[in-house]
Asks: 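Input: one structure, supplied below.
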There are 2 protein chains.
Amino acid sequence: MTDDDRVFKALAAPSRRFLLDLLFARDGRTQTEMESELEMTRFGVAKHLKVLEEAGLVVVRRSGREKLHYLNPVPIRQIHDRWIDKYTEKHVATLIDLKRTLEEES
Amino acid sequence: MTDDDRVFKALAAPSRRFLLDLLFARDGRTQTEMESELEMTRFGVAKHLKVLEEAGLVVVRRSGREKLHYLNPVPIRQIHDRWIDKYTEKHVATLIDLKRTLEEES
DNA sequence: TTGACACGTGACCGAATGGTCACCTAACTT
DNA sequence: AAGTTAGGTGACCATTCGGTCACGTGTCAA
C-alpha cells in the first residue's frame, strides 16, 4: 500500500472525516473524548483513529495513559497540489468565494 | 449518499486517481483514449469514469458518439478548505515548498 | 444499408471494508 | 494492593467495492 493510497482510503469513510472535523475544530483530544461524539463503540473509534494515524492525517502525542490527537494538514495540502496548479488555484478559489457569497445572499 | 461522500469514495481507488492524473496532464480525452493507459478492460474504465462524473470530479461534453472528459478542480479545493483554514494554509504551503526543496538537493 | 466504432447496462464474483466483541496491557487513584 | 480508567489486539460478519463479461444502443463511414 502506497502512502497516498493510505491517505485516500482513510478519507473514504464518513466516520473518519467526522473525526478530522472534530480535530479541526479543536486539537489535542483523547480517544475517549471523541468516543462520545460518535455513535459507535470505542473499538470502532480506535480502529478509525489508527487508520488516520497510519495515513499521517493525525499525529499523536502520548501523555501518561492518554493519547492526544492532532490534525496534520500536510497530506490534505498535497492532495490539493496534485490536481490544482498555481494558475488554476486562483480561479478556483475565486469561484468558490463567489459561490459562497451567492449562497449567503439567498 | 451525500455529495462529499461521493467525492471521497471516488478518490479512494488508485485507478480513478490515475484517470484524474491523465486528465490533469491533458483535458478533453475520450474514454477510448484513456482505456489504452489502464491495464483493465473498457468496462472497468467506463465504470470508474462514471463514478468520477457522478462525484463531480469530472465533467463531460458529448460530441457525436464521443464523450470528452474534463477535470473539475472545485471539489478538490473544497476538500482543502474543509480542513485547512486561511491561517494554516500559509504555513503548510511553506512547509511543503521547503520539503520539496530539501528533496531536490539530496 | 451494412458494418464498424464509441459507449451503456445489469449480473456476477472474489477481495477489502466498517463495525462489534471477548480479552488483554499499562497507568492513575485511593 | 485493588479497583478504575485509557487504550490495544485478533477474530468475526455483513456489506461494499473493483473488475469482468454478455448483451444492447446510438453514431459515423463506405
Asks: Closest heavy-atom contact between A:A12 and B:K9?
Replies: O-CE, 3.8 Å
Asks: Could you tell me whether the phosphate oxygens of C:dG19, OP1 or OP2, come under 4.0 Å of any side-chain nitrogen or oxygen in A:S15?
Replies: yes
Asks: Indicate yes or no: does B:E53 engage B:K50 in a salt bridge with an N to O separation below 4.0 Å.
Replies: no
Asks: Using whole Å, what does the distance between atom C1' of nucleotide C:dC5 and atom CD of B:E66 come to?
Replies: 10 Å
Asks: Please check the phosphate of C:dG18 (OP1 and OP2 only) for any side-chain N or O of A:H48 closer than 4.0 Å.
Replies: no
Asks: Hey, does the side-chain of A:K47 have a donor or acceptor N/O within less than 3.5 Å of a partner on the base of C:dG19?
Replies: yes
Asks: Run A:R100 and A:E103 through salt bridge (charged side-chain N to carboxylate O under 4.0 Å, His left out) and show every step you take.
Replies: CA-CA 5 Å; A:R100 199 171 297 145; A:E103 282 169 357; over 6 Å; no
Asks: Ignoring hydrogens and geometry beyond distance, is a side-chain donor-acceptor pair present between A:D85 and A:T88 at under 3.5 Å?
Replies: yes
Asks: Return whichever of A:A12 or B:T32 has its heavy-atom-nearest nucleotide of DNA chain C closer to the 5' end.
Replies: B:T32
Asks: Could you give the NZ-to-P distance, from B:K50 to D:dC17, as a whole number of Å?
Replies: 13 Å
Asks: Measure CZ/B:R17 against P/D:dC17 and give the value in whole Å, please.
Replies: 15 Å
Asks: For B:K67 and C:dC7, what is the distance between atoms NZ and P respectively, to the nearest whole Å?
Replies: 8 Å
Asks: What is the separation between atom CD on B:E35 and atom C1' on C:dC7, rounded to the nearest whole Å?
Replies: 9 Å
Asks: Is A:I84 close to B:F24 at the side-chain level, that is, under 4.5 Å between some pair of heavy atoms?
Replies: no
Asks: Under 3.5 Å between N/O atoms: give me all the protein pairs with nucleotides 21-30 of chain C, atom names plus distance.
Replies:
| unit_1 | atom_1 | unit_2 | atom_2 | d |
| --- | --- | --- | --- | --- |
| C:dA27 | N3 | A:R65 | NH1 | 3.2 |

Asks: Can you identify which nucleotide, out of C:dC7, C:dT20, D:dG7, has its nearest atom closest to the A:M40 side chain?
Replies: C:dT20
Asks: For the side chain of B:R62, starting at C-beta, report the closest nucleotide among C:dC7, D:dG18, D:dG7.
Replies: C:dC7
Asks: How many whole angstroms separate atom CD of B:Q31 from atom P of D:dG19?
Replies: 14 Å
Asks: In whole Å, I'd like the distance from the CG atom of B:L11 to the C1' atom of D:dC17.
Replies: 15 Å
Asks: Say whether B:R16 and B:H48, considering side chains only, have a donor N or O and an acceptor N or O under 3.5 Å apart.
Replies: yes
Asks: Is there side-chain contact between A:R29 and A:H69, with at least one heavy-atom pair below 4.5 Å?
Replies: no
Asks: Check every strand shown and say whether A:K9 touches a base, only sugar-phosphate, or nothing at a heavy-atom separation below 4.0 Å.
Replies: sugar-phosphate
Asks: Just how far, in rounded Å, is C1' of C:dC5 from CD of B:E33?
Replies: 16 Å
